[in-house]
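Please read the structure below before turning to the comments.
Because the structure is a prediction, the values reported are computed rather than measured.
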Amino acid sequence: VAVDMIAIAEDTTFPIFGIRVDDVDASNTFGGVIEVIVSCHHCIISLSSTVGLRFLNSTTGVRDSKYVAIRGDLESINAALDGITYQGDADYYGRDNFTVLANDLGNSGRGGALEDYQVIPLNITAVNDAPAWQTPDIHCTSGSEASCSIVKDFSGYFVDEDETLEIPLQILDIDAA
């Protein structure tokens with residue numbers, strides 16, 4: 001099934017609603033458990049719920065980097081997936097794919113374990129980041145020969161290279177009345 005691309009602003013947590021997994025064999029089998037792996041290339045994933053789930057491969061369902069792997073019954077899996085949140089990597093913008101892979105673990109029926117997947121295309125849109133400045137180490141002396149100097153090898157950076165940052169400098173004589 002084709003899925004429309006979802007636009008998400010850079011550096012925001014975005015809930016994705018309406019994701020669900022259906023499996024006739026698992027729903028008709030008492031204690032039927034399926035496995036679901038959710039992955040993306042540039043993100044952190046948090047499930048809507050972690051109740052009734054078993055986590056695989058050191059994932060926790062909360063702020064997992066790049067993927068989360070879970071097992072559970074269909075009700076628990078679907079509660080976890082509906083409203084799952086996507087948080088893009090810091091300052092990342094561009095395309096990403098949010099992939100949901102389901103495996104029925106061969107609950108019943110013919111063919112053993114069967115799986116299916118759905119890719120949800122994401123367009124992470126850039127936002128205008130404010131310029132950032134790394135504060136230097138400043139050494140000052142006081143008295144009649146007062147001076148300040150910026151430490152050698154100081155480096156600053158701008159997040160938005162199209163902007164100019166002006167830094168006013170004011171030296172106050174704290175000893176003056």
Side-chain angles (χ1 to χ4, degrees), residues 1-109 111-134 157-163:
V1 176
V3 177
D4 290 335
M5 182 173 291
I6 298 173
I8 301 173
E10 166 193 345
D11 298 331
T12 61
T13 300
F14 187 87
I16 301 174
F17 294 100
I19 298 175
R20 72 175 283 108
V21 175
D22 291 314
D23 184 81
V24 174
D25 297 332
S27 64
N28 292 333
T29 303
F30 178 75
V33 172
I34 66 168
E35 181 173 306
V36 172
I37 298 172
V38 180
S39 63
C40 54
H41 299 284
H42 306 282
C43 79
I44 294 172
I45 301 168
S46 292
L47 300 174
S48 294
S49 170
T50 59
V51 176
L53 301 175
R54 182 171 151 230
F55 293 90
L56 309 171
N57 303 326
S58 301
T59 62
T60 65
V62 179
R63 298 194 49 77
D64 286 312
S65 180
K66 312 290 184 241
Y67 79 100
V68 60
I70 55 177
R71 284 188 181 177
D73 60 52
L74 282 173
E75 184 178 343
S76 299
I77 294 282
N78 286 326
L81 294 176
D82 190 29
I84 190 170
T85 59
Y86 173 96
Q87 169 70 55
D89 292 339
D91 295 321
Y92 175 77
Y93 61 92
R95 299 291 172 101
D96 203 352
N97 287 324
F98 195 81
T99 303
V100 180
L101 179 128
N103 185 318
D104 71 2
L105 302 173
N107 278 297
S108 66
L114 300 173
E115 63 184 34
D116 194 11
Y117 69 94
Q118 180 69 55
V119 176
I120 301 168
L122 305 175
N123 182 29
I124 313 309
T125 58
V127 296
N128 186 10
D129 294 312
W133 187 259
Q134 184 177 15
Y157 66 94
F158 294 101
V159 175
D160 188 342
E161 64 274 356
D162 296 331
E163 296 294 321

Nearest atoms (heavy-atom pairs only) where [X] meets [Y]:
X    : Y    : value
M5   : L122 : CG-C, 4.0 Å
A113 : D104 : CA-OD1, 3.5 Å
L47  : I70  : CD1-CG2, 4.0 Å
D64  : Y67  : CB-O, 3.3 Å
S49  : V51  : OG-N, 3.2 Å
S48  : A79  : CB-O, 3.4 Å

Separation between [atom1] of [X] and [atom2] of [Y], rounded to the nearest 0.5 Å:
X   : Y   : atom1 : atom2 : answer
T60 : I45 : OG1   : CD1   : 10.5 Å
I8  : T13 : CD1   : OG1   : 10.0 Å
R20 : L74 : CZ    : CG    : 8.0 Å
D89 : K66 : CG    : NZ    : 3.5 Å
N78 : I34 : CG    : CD1   : 7.0 Å
R71 : L53 : CZ    : CG    : 12.5 Å

Exercise. Does L56 offer a backbone N or O that forms a donor-acceptor pair with the side chain of T59 under 3.5 Å?
Worked result: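 Answer holds: yes.
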Exercise. Among pairs that include at least one residue of residues 85-104, which meet ring pair (Phe, Tyr, Trp, His ring centres under 6.0 Å), considering only residues two or more places apart or in two chains?
Worked result: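 Of all non-adjacent pairs touching residues 85-104, those that pass ring pair (Phe, Tyr, Trp, His ring centres under 6.0 Å) are H42-Y92.
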Exercise. Which pairs count as disulfide bond (SG atoms under 2.5 Å apart) when at least one residue sits in residues 17-76, sequence neighbours excluded?
Worked result: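 Checked against disulfide bond (SG atoms under 2.5 Å apart) - neighbours excluded - the pairs reaching residues 17-76 are C40-C43.
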For this session: Go through the steps to decide whether T125 and N123 satisfy the test side chain to side chain contact (heavy atoms under 4.5 Å, CB included), and finish with yes or no.
Result: CA-CA 6 Å; T125 58; N123 182 29; 3.9 Å; yes
For this session: Using the side chain to side chain contact (heavy atoms under 4.5 Å, CB included) rule, take I120 and I19 through it: C-alpha gap first, then chi angles, then the decisive distance, then the call.
Result: CA-CA 10 Å; I120 301 168; I19 298 175; 3.8 Å; yes
Exercise. Any side-chain heavy atom of V36 sitting closer than 4.5 Å to one from V100?
Worked result: yes
